[in-house]
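Keep in mind that the numbers below use all heavy atoms, side chains included, and drop hydrogens, waters and symmetry copies. Both counts, for ligands and for their atoms, begin at 1 and track the order of listing.
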Amino acid sequence: MKKSLLAIVALLSAGAASAQTYAIQAGRLIVDAATPARGPSTVIVENGRISRIEPGATAPAGATVIDMRSRTVLPGLIDAHVHLTGDPSTPFWRETIDSNEFATLVGVKNALLTARAGFTTVRDLGAVGSSTFALRDAIAQGMIEGPRIIAAGGALSIVGGHGDVSGYRPEVNAALDPGGTCTGADQCALRVREWSKRGSDVIKITSTGGVLSQQGRGLEGHFDPAEIRSITSTAHRLGLKVAAHAHGARGIEDASRAGVDSIEHGTFADAAALQVMKAKGTWLVPTLMASTGLQDRIGKNIYTPVVEGKARTALAVWGRALREARRTGVKIAFGTDSGVFEHGRNGEEAALMVRLGGMTPREVLVSATSGAAELLGIGNETGTLDPGKSADLIAVDGDPLNDAAALTRVGYVMASGKPIPMR
Ligand SMILES: [Zn+2]
């Protein structure tokens, strides 16, 4: 029974990828961001997978030739922190009006924008209802264009925390309750199992307060350590990783000690918190671009007073945690928090990681390819251009191993073997 089901899934995914053979001719080829680039090479793609890589510009009989001889071809990029079903221009009260179905369609628009920006995989860390599950499945079945999505669904939060709904009349808060709050180890374990049952690929928790919610209880630790331990052990037993939104230093430390797989933002991480992250092997996903979203909107009467105050506090230390994390030797995975800023600008994170975080362009590219693939647990499928892996590749103008901004000059994208229409 199980075997026949797998065969059906294999047939479905083969249907999604093009049966066509492609010869992508590269001027320069980065097979693995951690190793030196190659000169002129051709990547042969068959049935949606990389079948082989040949030196020079070649073209097997019957192949569709993609001429990228003036560009650098590299693995498709991975953004480990997006919110595809939300847009930054949307005022907070719109959640009282917009349906989950509408959010799904916002996600269809943003999935294409994100793929065009060179991102062939994203991890979506928070959306309403089942919107990202529908989006993920439609893309995987080849119905619409977009990146592969590793989806959390909703987030686990304390009552009145960042992932709960606050700021309205109590009866309105209750009506908008996303069903993700929990109190105590048992109830938190139950929530993990509920999200697993609904279709989550990863568990997202808001382990500290957050900037853009209407909760006014600051940015430090919210969950009790015993609650987080219950979440991580329950999730890990189900084969699910845990991504922890965390700003305050002690909240970061608690979450890392309790075994979460990544700290999202990590804004106020201090030496003690970073030492725990290093010892526990916890990844940092810096989301520097989120602060450009704040910067563009602060002082303009867009945010409510409670949000405005938190935004100013977070902006004051922009980039500091990444700089210290790199010095400490904490593992870093590329992630932007798109949705807080405009989708499609994800690649701008790379230059910020160099400028504010002190990373080299090569370190940034590793974090956005093989590094993020490792965090997401999909290193066998994507992250490098190896025969047998999914044909996730892009072409950019310039050399991203020397100039991180080259990642914003994307001229061609193939996601899971499908060429993405660029306009
Ligand atoms: Zn986020």
*Side chains of S262 and E264: is there a donor and an acceptor less than 3.5 Å apart?*
yes

_Ignoring hydrogens and geometry beyond distance, is a side-chain donor-acceptor pair present between H222 and H162 at under 3.5 Å?_
no

*asked:* Whether K280 and E253 form a salt bridge (side-chain N of Lys/Arg under 4.0 Å from carboxylate O of Asp/Glu) is what I want to check.
replied: no

_Inter- and intrachain pairs under salt bridge (Lys or Arg N to Asp or Glu O under 4.0 Å), touching residues 327-337, at least two apart_ = E324-R327

*Sequence neighbours excluded - salt bridge (Lys or Arg N to Asp or Glu O under 4.0 Å) pairs with any residue from residues 382-391*: D386-K389

*Metal environment of the Zn ion (ligand 1), protein N/O/S under 2.8 Å*: H81 NE2, H83 NE2, D337 OD1

*Output every pair passing side chain to side chain donor-acceptor pair (under 3.5 Å) with a member in residues 350-377, not counting sequence neighbours, ordered by first then second residue.*
R326-E363

